[in-house]
Every structure is written in C-alpha cells, then in structure tokens.
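Working notes, structure below.
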2 protein chains.
Amino acid sequence: MSSDDAPLGLRERKKRATRDALADVALRFAAERGMEGVTVEAVTDEVGVSVRTFFNYFSCLEDAITRPDQGSAERMRQAVLNAPQELSALNALREAIGQELAHIDQDHERWELQTAALRKSPSLMNGFVTARCADERALVAVLAERLGKDPDSDLSPRLLAHVSNAAVRASVELWVASGRTRTFQSIYRQAFAMLAAGLSD
Amino acid sequence: MSSDDAPLGLRERKKRATRDALADVALRFAAERGMEGVTVEAVTDEVGVSVRTFFNYFSCLEDAITRPDQGSAERMRQAVLNAPQELSALNALREAIGQELAHIDQDHERWELQTAALRKSPSLMNGFVTARCADERALVAVLAERLGKDPDSDLSPRLLAHVSNAAVRASVELWVASGRTRTFQSIYRQAFAMLAAGLSD
DNA sequence: TCATGAAGATGCATACTATGCAATTTTGCG
DNA sequence: CGCAAAATTGCATAGTATGCATCTTCATGA
C-alpha cells in the first residue's frame, strides 16, 4: 500500500514527530479555547520548540490546525478516476468523499477535536473541508479528466467540485447545529441525493 | 427608493467619503498589485488619513477590498421572500442573485477592478461572493423562512444557500478562466440550470 | 570511530496587521 | 461664540510572518 515504511532515519522521524506534535497541540488548543485563544507561542511552548520552528513547518496557524491527512489528495484522485463508469460524476464524488470522511472518522479523537474547534470557530470550516476531502483545485482537475472536458471552457467540472464542497459544508454545519441527533453519514448522503434530484423541493 | 438622502450632515458625508475613499483605493491597489502588494499604510497614505483611522472603518484589509454594497443583504432578503410562490426556492435564489449581480455590474469600473483583483488574488473570491450576493448566514435564515423549515433540523435551506454560493463561485471562476468569451450572465444561468436538472451529466 | 557536510533549529531583525487607550481635533447646535 | 459629542490621531502593545546568520544535530563515508 504505502511507498516506504522501513527506511525512515532518525532525522525524518523527528521531523514528523515535531510536525505532528505542533499540529496536535494547535488543534487541541483550538478545540479548547477557539482560534482567538490560541497563539503560535503557546503552541511552541507546549511542544518545546521555538516560534521560528513552527513557521518552518506551517505557513500559518490555521494550516497547522486544519492540516490535511497525508495522501488525502491522491486517494481522492484515485477514487474519482477509478469509480465505475456507470456512476455519474456526482455519484463518483459522493463515494470518494464518503470514503475520505470515513477514513478521517476512524481517528475518533481527532474527529471530536475538529468538530469542537469548528463549533468555537466556524471560520475553520473552509480549511477543514479543503484540507480533508475536497481541495477544489485538485478536484476540478480530476473531474475534468474523468469527464474528458476542458476545465477552462466547460462549466461542469468546476460546478461539480464547488457544489460537492458546498454539500459537505452544509452537512457538517447541520450535523453540528442539530446536536448530532442524526449520523453525519446520513445527512451527507441526503445532501447528495437532493443534489442528484435537482433541488426542487 | 432609498430611505434618507436629504438630511445628511457634513459629519456623515465626510465619514462616507472617507470610507468610500479607503475602499476604493484598497480595491484599486489590489487590482494593480494583488493582495500581497497592498499594505494598510499605502492605502491610508494615498487617502490622507492615519493607519488607525483605517481600522476605525474596517476590521481588516480584506474587508475594505471586498466591502458589500450598502443594502445588498436587505435586497436579497426581499427578493427571495417576495419571489412568486410558484417559483422553486432554487429559482427564486437564481433571480435574486441575478438581480444583485446586475446591480453590481452597473458600476462597470468597479466590476473590472474586482475581477482584476480576483485574477491576481483568488483568495478574495470568498470575500467578494459573501459580500456582494450571498452572505450565507443571512441566506440560510431567509431560505428557511420562505420554505417554512427549521434551519437547524432541516437540510434544505442550508444546502440551497451553500450550493447557490458554489454556483456563483464556479461561474465567476469559469468566466475569468475562459477569458470572458461568454457573458457572465449566460454562464451563471447555465449553472443554475444544471443544478435544477440534477447534475447528472 | 570520527570528521565533515548537509539538514534542521534557533535567535534576531524586520515588516505588517490589529486593538485598546488617551489626547487632540473637528463638527453640530444652542 | 462656546460647549458637547463624535471623529481622528499617536502611542503602546500583542501577534503573525519572513529572511538571514548562526549553531546544533544527523548521516555518511573514509
């Protein structure tokens, strides 16, 4: 499955550990205090590195909080391209994103921290959605590839990418707003069903 | 049409002039140099006020560049609520947003500056779309009102709001990416037609 | 094993955004 | 005019973000 597991030197392991620690602490603090209550200095103090080192790993605080799963973009790409041809692009997207969200959901603690952070700071929504399941630039390109259309002259790939993002956003928001009385998966699937049906209710 | 035109004291006129000047210069600079090339100080120097004054008017630089038309939110609200009942919510939205976009388009110079800024700094898209035609919070509320549904337990208002935003975004992006070979209105209407048809191509 | 070069971490300087507060200036009005 | 309210400003402060020089740590080969 993965490319290289064994040959990881101490250097690389330390780098990953530092990066993970910074992101974990940043997310935890954001979940506890909301974005306004988190500073880079507080995060680096907790981890035990300098502020400057933080910016060697992340270009801004939000990137650390919302950092994407490793390989997420590539998984999405493969899922969309390899989906059965009899599936519409919209349904291929639905399955691809569903897989990706399930993948994230496996790390339950992380998922909880993300939703807690989201509740306290809704502005994180963009970062989370983009980072985890639907980077729009990549999505437009891969949809254009599947559909065999030019993304700069044909509307459909772009519209599909943006609309699927919108569906995820709306689903997460409703899931949180409704106090999680329904499962997220059920809301999310309903959203795509409504899109497929034409939004005419 | 408007509420009060005559009784504007010198004080209020000066305030508006300052605000307009700051926003105009900020947008012009962003169009010329891109966001990274604009500083608050450069804007205030051009206008002839202090940096501190800028932050009395706007909470951040982006707000000055993407500031909403006065009354836009209320126009949207009325347009959605007063649209004929035989129109689906999606079509009511289409007309409301279309009106709003046409309203902006009348100020042709401003429109050009906005698209130029957008080309140089795509991150402005969120601010422009939100500010000009589809503030999502307000839109969810007004859609819930029209549909007679609870926005915290029913998916449709939220999904409609997010999806219409997505349609505007996709339309603007394609319009810019395609070198404006089609009119924006035609792209935008095609987007809503595809949404209504169910995105099944 | 250990010397050396590369990669990473750090401190420091700098630029910019953003906010609170106190002092000053401008405006509106009796 | 002269006062009170409102707007502008300067100053202090906190935080984000980047470049650069220096120092430390790791990896590699002789």
Quick test: give all pairs of protein nitrogen or oxygen and nucleotides 24-28 of chain C nitrogen or oxygen below 3.5 Å, distance rounded to 0.1 Å.
from, atom 1, to, atom 2, distance (Å)
dT27(C), OP1, Lys14(B), NZ, 2.2
dT27(C), O3', Arg11(B), N, 3.4
dT27(C), O2, Arg11(B), NH2, 3.4
dG28(C), OP1, Leu10(B), N, 2.6
dG28(C), OP1, Arg11(B), N, 2.3

Would you say a side-chain N or O of [X] is under 4.0 Å from OP1 or OP2 of [N]?
X        : N       : answer
Ser50(B) : dT9(D)  : yes
Lys15(B) : dA7(D)  : yes
Thr39(B) : dC16(C) : no

Euclidean distance, Glu112(B) CD relative to Leu27(B) CG, rounded to 0.5 Å: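 It comes to 11.5 Å.
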
Gln190(B) CD to Leu174(B) CG distance, which is reported to the nearest 0.5 Å: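 Rounded to the nearest 0.5 Å, the CD-CG separation comes to 8.0 Å.
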
Sugar-phosphate only, base, or nothing, as touched by Tyr57(A) at under 4.0 Å among non-hydrogen atoms: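 Sugar-phosphate only.
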
Sugar-phosphate only, base, or nothing, as touched by Val49(B) at under 4.0 Å among non-hydrogen atoms: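 Here Val49(B) touches the backbone only, sparing every base.
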
Partner of Leu160(B) by side-chain contact (heavy atoms from CB on, under 4.5 Å), out of Leu139(B), Val80(B), Asn165(B), Leu143(B):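 The side-chain contact (heavy atoms from CB on, under 4.5 Å) with Leu160(B) is passed solely by Leu143(B) among Leu139(B), Val80(B), Asn165(B), Leu143(B).
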
Closest nucleotide among dA18(C), dT8(D), dC16(C) to the Thr53(B) side chain: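 Of the options given, the side chain of Thr53(B) lies nearest dT8(D).
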
What is the distance, rounded to the nearest whole Å, between atom [atom1] of [X] and atom [atom2] of [N]?
X        : N       : atom1 : atom2 : value
Arg52(A) : dA17(D) : CZ    : C1'   : 8 Å
Glu62(A) : dT16(D) : CD    : P     : 13 Å
Asn56(B) : dA5(D)  : CG    : P     : 19 Å
Asp63(A) : dT16(D) : CG    : P     : 13 Å
Phe55(A) : dT14(C) : CZ    : P     : 19 Å
Glu41(B) : dC11(D) : CD    : P     : 14 Å
Phe54(A) : dG8(C)  : CZ    : P     : 18 Å
Leu61(B) : dA15(C) : CG    : P     : 18 Å

Is [Y] paired with [X] through a side-chain N to carboxylate O contact shorter than 4.0 Å?
X         : Y         : answer
Lys120(A) : Glu36(A)  : no
Asp135(A) : Arg77(A)  : no
Arg169(B) : Glu173(B) : no

Aromatic plane relationship, Trp175(A) with Trp111(A) - under 30° parallel, 30 to 60° tilted, over 60° perpendicular: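 Judged by the thresholds at 30° and 60°, the geometry between Trp111(A) and Trp175(A) is tilted.
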
